[in-house]
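Heavy atoms only: backbone and side chains are in, while hydrogens, waters and symmetry mates are out.
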Amino acid sequence: MQEEIIPIITRETGLVQRNVEGVISLLDEGCTIPFISRYRKEKTGGMDEVQITEISQRYEKLKELQHRKETIIKTITDQEKMTPELEKRIADCWDSTALEDIYLPFKPKRRTRAQIAREQGLEPLAQIILFQRENNLERLAPRFVKEGLKDMNAAIKGAQDIIAEMVSEDERVRNRLRQFFRREAVIKSKVVKGKADSEEAAKYSDYFDSAEPLRRCSGNRILAMRRGENEGILRISIGIEGDDALLKLQDMYVHSRGRCQEIIEEAVADSYKRLLLPSIENEFSAATKEKADKEAIGVFAENLRQLLLAAPLGQKRVMGVDPGIRTGCKVVCLDAQGNLLFHDVVFAVGSQNNVETAERKLSQIARRYDIEAVAVGNGTASREATEVVKHAVKGLDGKINVFVVSEDGASVYSASKIAREEFPDKDVTVRGAVSIGRRLMDPLAELVKIDPKSIGVGQYQHDVDQSLLKESLDRTVESCVNSVGVNLNTASIHLLTYVSGLGPTLAKNIVEYRKENGAFTSRAQLKKVPRLGPSAFTQCAGFLRIPDAKNPLDGSAVHPERYALVETMAKDCGCSVRELISSPEKRKSIDLKRYVSEEIGMPTLKDIMSELEKPGRDPRAEIETFEFDENVHSPEDLREGMVLPGIVTNITKFGVFVDVGVHQDGLVHISQMADRYVADPLEVVHLHQHVTVRVLEVDKKRNRISLTMKSK
């Protein structure tokens, strides 16, 4: 099967065939995408994760298609209708739509009108009509008008049913109609009668009576309309206008004029309306939904990637504050490893007396636990709480920076099994505040504990294909975890689960081994972990770090399989590995060409040298502080033309949402993102980027804020 699949993937991706073969062979061996991308560059020609993922996904699709072909061949063979020509057509077909068209005439189906007509012996009459040579069909009545048929008209009607089904199963007809749909299909949406004035319908007002070419309808509009349809507010249809398509299809079957031709025209029209249109409409509906899903999932995955790779504060003593008005602000203090030291409730928002009391209390707590930074959740009363905290820590020794941290998914974590296991004797409010504090220290390590769908950095996550969404988001988390690397001695089970080659069972075994035997002192010790065999070790070892290990390479991204090579380099330089790492001069003196072999090429050697320069380096950026405009606190404070600082909170295909500190994000439409044309918002911004925006409009009725990033 590989011999047939590899050329197809090569042709579709435009990649070099031997590199595609290399990727597929590694995938078949059970290698993960991060491992292949990082440690097998000689086999892949230096492909990145995106290219390898594309090959992997297409490979899986083609394998599924091969299994489908085998099922189809067996079904047709069991019907005793298989021919060598048909079997070859199926074997040579690698397009799922074309394959289903080939199979359609043989596909077992319920008892259709055409099937009933065949049982009445009317298939020969249908063939006579299709030949279009018989001028007097009535003379055939004695032959076809039998039991169950009233007269010749009934027989003709049955023959038309057979013709209609034949037309609907004709590959040429279906492809011709698909061409019409690709060029001319229109997607329409209308509000359901009696729903226009309902409160829940207001957000769908743009779709109450809309129509646009399907090929131009964006994915986010399709998903919005479908959500409205699912909620019973909109009715959606996809179709083509006029009779041009029907006339073209009739021309394919009608060759002159006469009684037979009229019967065929009627049969084709019946096939078109009753069988073909619903089938092709469903096909295009499913295809557009699939395309919209992939687009939305792609945006979601990229937003998630940026969130997971957000700048970490690092191991500092942090105060986490979950703002609240009625129930107060939940305050926690964490040590540099994220362990909970203290928790309390402080009423920081309310009357002036409460604020003054809160400031004194927060100041005392910060001093007592030697706090180095504060993380305030960005939910309700975040602005007010942040200002109180800033005043509280202002006079303390040393500068204590205050950061606003996204709360998305914190409530999900605080009520989860993971949180209950971590803090069995604490309530959800304390757990939520801990999560906020830890997110500042290391967003990646904390966010992996939450179902990616609950983090809230996408749109329509409940409307898209859930299995595809999960697969994409899990792959994104895996990619992020492995690109950063994991401290083997501090990582949680949840973080280790995403390390290449591990998974939940091995992650749990590593943590249990660590509890029983103490901290790992070398990567080689991983081989003693129960059920962690040679293959898993090869996959995971390079992504697990042991800072300050006896062997400095154990704290780097250099894979253990290349330790001997680095040791040889050091020996050739007349020094130890540790001295090689600390000496730029010695590293510069190395001639990499000397170490090229059949197995090790320049890509791997360059990676090793880069890693020796900064062992275990974190690819994430450095964290920055941010402050909203102190004069703006609610939408009522906004005025057209105001220029404000903001934080990008969500990125979509049609624009970005920006928090300007008024408890409601504003939208910068893609047309307002720059003074030039922008095809994709990701060209201009990234998640949590600090931006400057100008207020265009505040629509209080629809609760919408329109912003621009243009200079004028």
Judged by modelled atom types alone, do [X] and [Y] share a side-chain donor-acceptor pair under 3.5 Å?
| X | Y | result |
| --- | --- | --- |
| E49 | S479 | yes |
| N650 | N303 | yes |
| D665 | T649 | yes |
| S671 | H669 | yes |

### Task
May I have all residue pairs that pass side chain to side chain donor-acceptor pair (under 3.5 Å) and include part of residues 448-457, sequence neighbours excluded?
E422-K449, E446-K449, K453-Q466
### Message
Per the side chain to side chain donor-acceptor pair (under 3.5 Å) rule, what does the pair list look like for residues 192-202, sequence neighbours excluded?
### Response
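Qualifying pairs, neighbours excluded: none.
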### Task
May I ask you to say whether R475 pairs ionically with E478, meaning some side-chain N is under 4.0 Å from a carboxylate O?
no
### Query
Got a salt bridge between E64 and K69, using NZ or NE/NH1/NH2 to carboxylate O under 4.0 Å?
no
### Query
Do the ring centers of Y498 and F543 come within less than 6.0 Å of each other?
no
### Query
Can you check side-chain contact (heavy atoms from CB on, under 4.5 Å) on H686 and V648, steps first, answer last?
CA-CA 7 Å; H686 57 79; V648 175; over 6 Å; no
### Query
Checking side chain to side chain donor-acceptor pair (under 3.5 Å) for the pair S271/S168: CA distance, chi angles, key distance, verdict?
CA-CA 6 Å; S271 178; S168 74; 4.6 Å; no
Donor-acceptor contact below 3.5 Å, side chain [X] vs main chain [Y]:
| X | Y | value |
| --- | --- | --- |
| Y207 | L234 | no |
| S472 | L469 | no |
| T497 | I493 | yes |

Considering non-hydrogen atoms only, spot the tightest contact between [X] and [Y] and give its length.
| X | Y | value |
| --- | --- | --- |
| G232 | V192 | O-CG2, 3.6 Å |
| L473 | A301 | CD2-CA, 3.9 Å |
| V404 | S382 | CG1-OG, 4.0 Å |
| T10 | V16 | CG2-C, 4.4 Å |

### Task
Kindly write out the residues that satisfy side-chain hydrogen bond (donor to acceptor under 3.5 Å, both in side chains) with D474, not counting sequence neighbours, or none if the list is empty.
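Listed in chain order: K470.
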I'd like a table of donor-acceptor pairs (distance under 3.5 Å, sequence neighbours excluded) in which one partner is a side-chain atom from residues 100-107, with atom names and distances.
residue: E100; atom: OE1; partner: R68; partner atom: NH2; Å: 3.1
residue: E100; atom: OE2; partner: R68; partner atom: NE; Å: 2.9
residue: E100; atom: OE2; partner: R68; partner atom: NH2; Å: 3.4
residue: D101; atom: OD1; partner: R174; partner atom: NE; Å: 3.0
residue: D101; atom: OD1; partner: R178; partner atom: NH2; Å: 3.0
residue: D101; atom: OD2; partner: R178; partner atom: NH1; Å: 2.7
residue: D101; atom: OD2; partner: R178; partner atom: NH2; Å: 3.1

### Task
Name all pairs fulfilling the salt bridge (charged side-chain N to carboxylate O under 4.0 Å, His left out) condition that reach into residues 215-236, sequence neighbours left out, sorted by first residue then second.
E212-R221, R226-E229, R227-D463
#### Entry: F35 and Y39 aromatic ring geometry - parallel, tilted or perpendicular at 30°/60° bounds
tilted
### Task
Taking ring-ring contact (aromatic ring centres under 6.0 Å, His included) as the test, write out the residues that go with F181, two or more places apart.
F284
